[in-house]
Amino acid sequence: MNTSLSVTILLLQVGYIVSQSCPSTVESCTCENASTSNKRIIRCRNLNTMPNFNPSIEVFLKLDLDDPSNTIQVLQNNAFDGILVEEIDMANENLKLRDIQPQAFSGLQQHLKIIRLQGDTAIPPPFEPMKNLTNLQELQLQFFSLPIIDETTKFNYFPNLLTLRLRNTATTFVSSNSFKNQLLHLKRFEFENNAVHTFPKPAINRLRTLEHLSWVHNGMRSLTYGSFHSLNNLIELDLRGNDIGTLDYECFKGIAEKLKFLSLQFNRLSEFNIAPLGNHSWHRLEQLDLGEILADFKTIPPGFFKNMPNLTSLTLSRNKFRVIKSNDFEGLGKMHSLDLSENWINTIQKGAFAHMSLLDTLDLRTQFDVSSSNPLNFSLDAIQGSELAIKTLYLQDNYLIEHYAWEAIGAMKNLNILDISSTKLSNIPPLIFYGHNHLGDLRIMSNSISALRQESLYGLKDSLITIDISSNQIHTINECVFKGFTKLRFIFAGNNILVCDCNIYGFYQFLRTTITSKEGYADARCINLAHRSLTSLQTTEFCQSLPTEATCPEFTTTTKYIPTILPKPDVQIGSEVIG
């Protein structure tokens, strides 16, 4: 082998060894493979000063200092000397930088694309020390002092910036000349937890390349005409947590045609001053969040959603709705997910969800002020038209009219997830799940169910994976209840009155052979044996003479049973009598 070739191979071997070693000189920093890249990550913990690094030619994906154990306060000159890295994350809550020296970021110019920093609330953003980081694509600054943003703010140091996040920067004023001839390629701007109460239209409208704008928790009180008129590329607008109580008629002019996501959560809009939102043509809007409106948002204005034909996700949680009217959701033919949780709903009119034939997820959990005299009338009439579309249904923490609720559930043959916990149910009607071939997650905890029979869960043996029947009044479970349930892996049956004797031997065998032996989980405790776990017992501890294996019958929907579904009640709801 000639000498030059030997030297080349040796150098390659040395380079490989060097590149695989970790350049940190402290044990609290380790080098790890990244799951999404062939580059490695340097991850550091338990540091109160910046570590030293041995020189390395390897380009690392990230220097991760975002661990709560790190309390670094000073970035000295040449703080990152020796390493090449594409991302630096120093944004954890205990990293309160109080001193960033002029040459702190020296040597990072070529490769650094992303940097996240957290200050101590007193020092200004380190624009001067970062002025040579011209390849930055993402900059996050939080808890620095930036009371005013104007034309002199040095965003021009970062000509290639695509994402800018300014959080908790104590900003109270953004001048109309801000961003002039700056941030010409910015796609994402997040301005959060400041106190700029008047939206700076002239400044923001200079950011014409924006695709995402978050103006969150800034105390903004109104949206005036053409607030976003020049943002023709905007597809996501997040206005959560402001104090918006007024929407001018054409405040969304210029963005309504392209916007796909809009959040007005946690503002002060009522059914009267939210009406202008429905006047625009939102042909591309897919997600709308109107949850936790702080004013009296009690009623959906007539025809409010007619101009949102492509809406697929709608959040209306934590408002003050009491009645869902039959025409409230007219126009929402592509709706997949509807969140009505934590309202005051007791009445759902006939056909209320009929307009949403593609509705996949319906969340009605925790309606306030429901009771035996004021129940939630979840019924087949309410879901008619969407009963075969709904796959996920949350009804927990309500007072249901048992007959109507079971009738509706029985018709929802394509359910994957059903949560009817804490709904005052006392009985599972026979064969109610017959034909429910997709139900994998069933939660009925914290009710008053006393009997669990084979016909109670019949139809679920080929689909059920998880069942929670904890905190009921169940005293026995025979082997036919779960016989043949080959997919079942998780049974939560604690806090019942389960009597462990020979009658429960078949259930005991099922738990040991089908659940615990296949890395599942079972919680079933014996009230007569000091609440010990059933699966921890030896057979002789609860049954001396083993019973013969039961013959479990096959059922059809024509089989007659006693008891049957609970009798239809007469219930007064508002001015409407159901019965």
Side-chain angles (χ1 to χ4, degrees), residues 100 115-131 133-134 136-234 236-248 250-255 264 267:
I100 300 176
I115 188 165
R116 302 184 182 99
L117 302 174
Q118 174 156 300
D120 67 347
T121 73
I123 67 170
F127 290 132
E128 290 298 325
M130 292 193 296
K131 66 182 178 181
L133 302 180
T134 55
L136 269 189
Q137 295 179 10
E138 180 178 325
L139 172 62
Q140 177 176 311
L141 300 171
Q142 58 192 41
F143 291 101
F144 287 91
S145 179
L146 184 63
I148 294 175
I149 296 175
D150 58 20
E151 62 271 28
T152 66
T153 307
K154 301 300 183 180
F155 296 121
N156 59 303
Y157 288 161
F158 316 111
N160 295 300
L161 207 61
L162 301 177
T163 297
L164 174 62
R165 296 184 176 97
L166 300 176
R167 298 173 177 168
N168 300 89
T169 52
T171 307
T172 58
F173 179 71
V174 178
S175 81
S176 59
N177 289 322
S178 299
F179 314 124
K180 190 174 183 179
N181 298 320
Q182 296 178 327
L183 303 175
L184 299 179
H185 304 290
L186 196 68
K187 291 186 176 181
R188 189 178 189 94
F189 183 34
E190 299 178 11
F191 187 74
E192 301 178 6
N193 300 318
N194 292 296
V196 180
H197 300 160
T198 301
F199 188 69
K201 285 194 296 185
I204 298 299
N205 277 282
R206 285 195 176 89
L207 304 175
R208 295 171 183 258
T209 56
L210 278 186
E211 296 177 1
H212 174 99
L213 173 61
S214 290
W215 195 270
V216 174
H217 292 290
N218 292 307
M220 180 170 55
R221 298 187 178 97
S222 65
L223 286 178
T224 56
Y225 176 88
S227 290
F228 314 98
H229 66 91
S230 295
L231 305 183
N232 297 322
N233 295 298
L234 200 67
E236 297 176 344
L237 178 59
D238 190 350
L239 300 173
R240 285 173 295 137
N242 283 286
D243 202 24
I244 300 171
T246 303
L247 298 177
D248 279 5
E250 291 197 350
C251 59
F252 296 107
K253 182 180 175 65
I255 63 169
L264 286 164
N267 279 284

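In this chain, numbering begins with 1 at the start of the sequence shown.
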Query raised in the report: For Phe199, which residues count as a ring-ring contact (aromatic ring centres under 6.0 Å, His included) partner, sequence neighbours excluded?
Result: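 Residues passing ring-ring contact (aromatic ring centres under 6.0 Å, His included) with Phe199: Trp215, Phe228.
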With side chains defined as the heavy atoms from C-beta onward, is the minimum distance between [X] and [Y] less than 4.5 Å?
{"X": "Phe127", "Y": "Thr153", "answer": "yes"}
{"X": "His185", "Y": "Leu162", "answer": "yes"}
{"X": "Phe179", "Y": "Ile204", "answer": "yes"}
{"X": "Glu151", "Y": "Gln182", "answer": "no"}
{"X": "Thr171", "Y": "Phe191", "answer": "yes"}
{"X": "Glu236", "Y": "Leu234", "answer": "no"}
{"X": "Ile149", "Y": "Thr169", "answer": "no"}
{"X": "Ile115", "Y": "Phe158", "answer": "no"}

Report task. Can you run down the side chain to side chain donor-acceptor pair (under 3.5 Å) pairs that involve residues 140-150, sequence neighbours left out, and say none if there aren't any? Result ->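 Found Gln118-Gln142, Gln140-Gln142, Asp150-Thr152.
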Could you work out, with side chain to side chain donor-acceptor pair (under 3.5 Å) as the rule, every residue matching [X], not counting sequence neighbours?
{"X": "Asn267", "result": "none"}
{"X": "Arg240", "result": "Asp238"}
{"X": "Ser214", "result": "His212"}

Supply the atom-to-atom distance [X] [atom1] to [Y] [atom2], rounded to the nearest 0.5 angstrom.
{"X": "Leu133", "Y": "Asn160", "atom1": "CG", "atom2": "CG", "result": "11.5 Å"}
{"X": "Phe155", "Y": "Asn181", "atom1": "CZ", "atom2": "CG", "result": "14.5 Å"}
{"X": "Leu186", "Y": "Leu164", "atom1": "CG", "atom2": "CG", "result": "6.0 Å"}

Query raised in the report: Do any N or O atoms from the side chain of Asn242 and from the backbone of Gly219 form a donor-acceptor pair under 3.5 angstrom?
Result: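 Yes, because the side chain of Asn242 sits within donor-acceptor range (under 3.5 Å) of the backbone of Gly219.
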Query raised in the report: Does any N or O in the side chain of Asn233 come within less than 3.5 Å of the main-chain N or O of Leu210, such that one atom is a donor and the other an acceptor?
Result: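 No; judged by distance alone, with no hydrogens or angles, the pair does not exist.
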Holding to side chain to side chain contact (heavy atoms under 4.5 Å, CB included), I want the full list of residues that pass it with [X], two or more places apart in sequence or in another chain.
{"X": "Asn193", "result": "Asn168, His217"}
{"X": "Asn205", "result": "Lys201, His229, Ser230, Leu231"}
{"X": "Asp120", "result": "Lys96, Arg98, Ala122, Ile123"}
{"X": "Ala195", "result": "Thr172, His197"}

Query raised in the report: How far apart are the C-alpha atoms of Phe189 and Leu207, what are their side-chain angles, what is the distance that settles it, and do they pass the side-chain contact (heavy atoms from CB on, under 4.5 Å) test?
Result: CA-CA 9 Å; Phe189 183 34; Leu207 304 175; 4.0 Å; yes
Query raised in the report: Taking all atoms of both residues into account, what is the closest heavy-atom pair of Ser175 and Ser178, and its distance?
Result: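 In terms of heavy atoms, the two residues are closest at O-OG, 3.0 Å.
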**Report entry** With Glu190 via salt bridge (Lys or Arg N to Asp or Glu O under 4.0 Å) - residues at least two apart
**Finding:**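 So Glu190 forms a salt bridge (Lys or Arg N to Asp or Glu O under 4.0 Å) with Arg165, Arg167, Arg188.
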Requested in this report: Using salt bridge (Lys or Arg N to Asp or Glu O under 4.0 Å) as the criterion, list what pairs up with Lys131, not counting sequence neighbours.
Outcome: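 Listed in chain order: Glu128.
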Requested in this report: Apply side-chain contact (heavy atoms from CB on, under 4.5 Å) to the pair Leu136 and Tyr157, showing each step before the final yes or no.
Outcome: CA-CA 9 Å; Leu136 269 189; Tyr157 288 161; over 6 Å; no
Query raised in the report: Taking only residues at least two apart or on different chains, which pairs with a member in residues 206-227 satisfy salt bridge (Lys or Arg N to Asp or Glu O under 4.0 Å)?
Result: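 Listed once each, the pairs would be none.
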Query raised in the report: Is there a donor-acceptor contact under 3.5 Å linking the side chains of Asp248 and Ser222?
Result: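 No - no donor-acceptor pair under 3.5 Å links their side chains.
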